[in-house]
Amino acid sequence: MTARPHSYVDPLDAAFPTSSRAEPAAEPAYLRGLNAEQREAVLALDGPVLVLAGAGTGKTRVLTTRLAHILATKRAWPSQILAVTFTNKAAREMKERIGALIGGTVEGMQWLGTFHAIGARMLRRHAELAGLKPNFTILDTDDQLRLLKQILEAENIDEKRFPARTLALLIDGWKNRGQLPPDVTDGDAQAFAFGKGRSLYAMYQARLKALNAADFGDLLLEPIAIMRAHREILDDYQHRFRYMLVDEYQDTNVAQYLWLRLISGANKNLCVVGDDDQSIYAWRGAEVENILRFERDYPGAKVIRLERNYRSTPAILGAASGLIAANAGRLGKTLWTESEEPGEKVQVKGFWDAEEEARNVASEAENLKRQGRALSGMAVLVRASFQIRAFEDRFLAIGLPFRVVGTTPFYNRAENRDAIAYLRVIAQGDDDLAFERIINKPKRGLGDVAIQALHNHARTANLPLLMAAEELAASEELAPKARTALSDLVKSFARWRQQSMQLPHAELAEMVLDESGYTDMLKADKSPDAAGRLDNLKELVRAMEQYESLTAFLEHVSLVMDLENNETEDKINLMTLHGAKGLEFDIVFLPGWEEGLFPSQRTLDEKGTTGLEEERRLAYVGLTRAKSRVFISFAANRRVHGQWQSALPSRFIGELPEAHIDAVADEGFYGNYGTFRDNQGGFSSPYSSPGWRRAQEARASARERAPIIDVAAKVVATGDPTAAKFATGERVFHQKFGYGRIVTVEGNKLLVNFDKAGSKRVMDGFVEKV
DNA sequence: CTCGGCAGAATTTTT
DNA sequence: TTCTGCCGAG
C-alpha cells in the first residue's frame with residue numbers, strides 16, 4: 001500500500017485520479033486500508049457478484065466504496081445505478097458515506113433507496129398503467145385495516161369470526177409472494193370466511209384503485225405487473241441501470257426477488273450483499289433461499305466471502321460463532337479476527353424477575369459510564385417490544401439518559417396522524433380513509449347518522465367522500481346542524497386547497513390545525529398528555545419545513561414513518577433485536593434470554609425448527625452488535641398480561657461455548673439454570689460454585705413446596721415433530737371456544753372454525769378430538 | 001350525538 | 001395490566 005502522506009491527498013484528486021499525477025499506478029484513496037477480499041468485492045464490477053459478508057466485516061464500507069468506485073471511474077452516472085436497501089437508515093447512511101468518499105455530496109442518485117421507496121418512484125411514473133393517478137396515497141397498516149373492515153361489513157361477514165386483521169395478514173402474505181388475486185390458490189383462499197379470501201382480496205384491490213391508493217405490497221407488485229405487461233418499460237429499466245446493488249439480500253421476499261430478476265434481466269452487473277446467518281425476517285416473507293440460490297440464478301457469479309471481523313473481541317466472536325454453529329443449512333462462514341487480546345468474556349447472569357434484571361442493567365450501565373464509557377455506545381437489545389418498558393421505568397427512576405429507538409414512530413402518534421390526514425385530503429381529495437379519520441375530529445356534530453348518510457350518497461353517486469359531502473351539504477337530506485357542520489368542513493377544505501397553491505406547506509399545516517379547531521381541541525383537553533400532543537404537532541410542522549413540497553413530505557411520511565433524529569446526546573439505546581440489525585455498539589445488554597420469550601414460544605409453535613434457527617440467528621445478531629462487552633441475562637419470573645409466569649433460562653445460553661462466557665450467580669436467585677444445562681448434556685462446571693449450588697437447592701425445595709410450571713417440559717412436548725395429531729375437517733372441542741371444525745393444520749397450530757366463536761387460531765394442545 | 005362504564009381481547013419482530 | 005370496541009344514559 002502506498003504510504004503517501006495525508007497532506008498530499010486532495011479528496012477530489014483521490015476520487016478522480018488523473019494521469020498527470022506523479023504515481024500513475026497509485027490507487028485512489030478510497031481503496032486504501034481494504035483487505036484483499038474487500039478490495040475484490042469493490043473492484044469486481046462486471047457480471048454478477050455475491051458478497052457473503054459476515055457481521056462486522058466491513059460490509060457497508062465495501063458497499064459504499066464500490067459505488068464510489070463506479071462513480072469515480074465514471075463507469076456510470078449516478079442516475080444509472082440502482083442501489084437497494086431495506087431500511088431508510090441504511091439508504092441514508094450509504095448516501096452520506098459515498099459523499100464522504102468521493103468528496104462532497106452526490107447528486108442524482110435517484111435510484112438509491114429502500115425497495116419500497118424505489119417501487120413507489122417507479123409506480124408514480126407509470127401510475128395510469130396500474131389504474132392510479134401519479135399522486136396516489138400510500139396506505140399504512142392502519143388505513144389498510146379500516147378499509148378491510150369496511151369491505152367485511154359490506155359483505156356481511158362477521159368481523160368477530162373473521163377479523164380484518166387476519167385478512168390483512170393473509171393479503172400481506174400473498175403480496176409478499178407476488179400473488180395477485182387470480183394467483184391465490186384455492187387452499188389459501190379457503191383460509192378465510194369459507195373461501196371468500198380471494199374475492200375479498202380482489203375487492204380490496206378494487207377499492208384501493210377507487211381511492212387512488214396503494215399499500216406497501218403494491219409498491220412492488222404493481223411495478224412487476226407493469227414491467228411484465230409493457231415490454232418497452234421493462235427495456236427502459238433494464239438499460240437504464242448499468243450497475244445494480246442490493247444490500248441485505250438474505251431479507252428479500254419473493255416479490256422483491258421477482259422485481260430484481262426483471263430489472264436485472266439484460267444487464268447482469270448485479271451485486272448482492274448479504275449474510276444468511278443474519279436472516280431474521282422470514283416471518284414477514286423473506287426467503288433465505290434467495291441468497292442460497294444466487295449462483296444458480298446468475299450462472300458464473302463470483303462469490304466473495306468477507307470473514308475478517310473488525311468489530312468484536314475474540315471472546316464475543318467465539319461466543320457468537322459457537323452459538324450459530326448449532327444451525328444447520330448455512331452457507332458457512334468462519335469469522336476471524338486478528339485481535340490478540342481475547343477481551344472480556346460474555347457475562348451471563350440470572351435474576352429473580354424482570355425488575356431486578358432492569359435494576360442490574362441500569363446500575364451496570366452507570367458503572368461503565370463512570371469508568372468512562374459513553375452511554376451512546378451502549379444498547380439494551382430485547383426480543384419483544386413489551387420488554388422495553390421495564391428498562392424505561394428503571395432508567396427514568398434513576399435518571400439514566402436513554403433513547404428508545406424504533407418504537408411508537410413519531411408519525412404514528414394519533415395527533416400527528418390526524419394532522420397528516422387533513423393534509424392528505426388537501427393533497428389528494430379522493431383519500432376517503434383520511435377524510436373519514438378526521439371528519440369528526442375535532443367533534444363537529446357529525447356522528448354515525450351523518451356519516452352513514454354520507455357513505456350512502458357516495459356509493460349511489462359513485463363519488464369520493466369529499467365530493468359526496470359537498471353534494472349532501474347542498475341537499476336537504478341531513479339535519480340542519482349536521483348539514484351546516486358538513487358544509488363548513490367542505491368549504492374549509494376547498495379554501496385550504498386554494499391556499500396550498502400559494503402558502504408554504506408548513507404554514508398551511510399550521511393554518512389547517514388552527515382553523516379546523518384541532519389545536520383548540522387539544523388546548524381544551526385537560527388530560528396530562530395534551531400538552532405533549534401540542535408539542536408533537538409543533539414538531540411535525542417544524543419537520544415539514546425540510547421538505548420541498550407537501551407531496552414530498554407526505555411521501556416521506558408514508559414510507560419512513562419516523563423522524564430522522566440525529567441525536568448526539570449521550571444516551572443509552574433501547575431497542576428490539578430486529579431494530580439493531582446493522583448497528584454496532586461498544587457494549588451490548590441482552591436481557592430476557594428465557595425459554596418462551598427468547599426463543600419465542602410462538603415462533604417455536606408456528607415454525608418449529610426453522611423458527612428456532614431464526615431465533616438463534618437473532619441471538620447471533622445481538623451478540624455480534626457488540627465491540628467490547630456483552631451482558632446476557634435472564635429472569636426466573638416475569639409478568640405477562642398481568643400474570644406471573646416463571647421460565648427457564650434460554651437454551652441459547654446452554655449453546656454458548658463455555659470458554660467464552662462468565663456465568664455469574666446472583667444472591668437471592670433460585671432458578672434451575674444448572675439443571676437445565678445438565679438436561680441438555682451441557683457443562684455445568686461454572687455453576688458448581690457455592691452460590692449456584694445454593695441457588696439450585698433453593699429452587700429444588702421451592703419446587704417441592706409449590707410446583708412451578710415446567711416450561712422445559714412444555715417445550716419438549718410442543719417441539720415434537722411427530723405431533724401432527726389433527727387433520728383438516730375433524731371436529732374438535734376447545735375449553736373456551738366450544739365445538740368446531742378444523743380448517744387448516746400448520747404444525748401444531750390449528751385454524752379452527754368454531755360453531756359459536758368463529759374461526760380462531762389455536763394450539764393443538766388446547767383442543768381435543770370429539 | 002356524546003360520554004362514560006363495562007366486557008373482552010391481547011402481545012413478537014417492520015418496510 | 002392495558003387497550004379496544006360496544007352499549008346505554010343523558
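Residue numbers start from 1 in every chain, and the chains themselves are labelled A, B, ... in the order their sequence lines are given, proteins ahead of strands. Just the heavy atoms: all of them, side chains too, but no hydrogens, waters or symmetry mates, feed the values below.
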Applying salt bridge (Lys or Arg N to Asp or Glu O under 4.0 Å), can you list everything that pairs with [X], at least two apart in sequence or on another chain?
{"X": "A/K89", "value": "none"}
{"X": "A/R483", "value": "A/E476"}
{"X": "A/R165", "value": "none"}
{"X": "A/D277", "value": "A/R330, A/K333"}

Which residue, A/H116 or A/R444, contacts DNA chain B at a nucleotide closer to its 5' end, judged by nearest heavy atom?
-> A/R444
Note: for A/I451 and A/E615 on DNA chain B, the residue whose nearest nucleotide lies more 5' is A/I451
Pick base, sugar-phosphate or nothing for [X], based on heavy-atom distances below 4.0 Å to the nucleic acid.
{"X": "A/Y281", "value": "sugar-phosphate"}
{"X": "A/L446", "value": "sugar-phosphate"}
{"X": "A/V640", "value": "nothing"}
{"X": "A/F386", "value": "base"}

Pick out the pairs of N or O atoms, protein on one side and nucleotides 4-10 of chain C on the other, that lie under 3.5 Å.
none

Interatomic distance, A/D172 CG vs B/dT14 P [rounded to whole Å] = 14 Å
Would one find a side-chain N or O of A/T576 under 4.0 angstrom from OP1 or OP2 of B/dT14?
-> yes
Does the side chain of A/N253 get closer than 4.0 angstrom to OP1 or OP2 of B/dT15 through an N or O atom?
-> no
Side chains of residues 110-117 of chain A: which donor-acceptor pairs under 3.5 Å do they make with residues two or more places apart or in other chains?
unit_1, atom_1, unit_2, atom_2, d
A/Q110, OE1, A/R121, NH2, 2.8
A/T114, OG1, A/A117, N, 3.0

Is there a donor-acceptor contact under 3.5 Å linking the side chains of A/Y204 and A/D215?
-> yes
B/dT15 base stacked by A/F216? Criteria: ring centres under 5.5 Å, plane angle under 30°.
-> yes
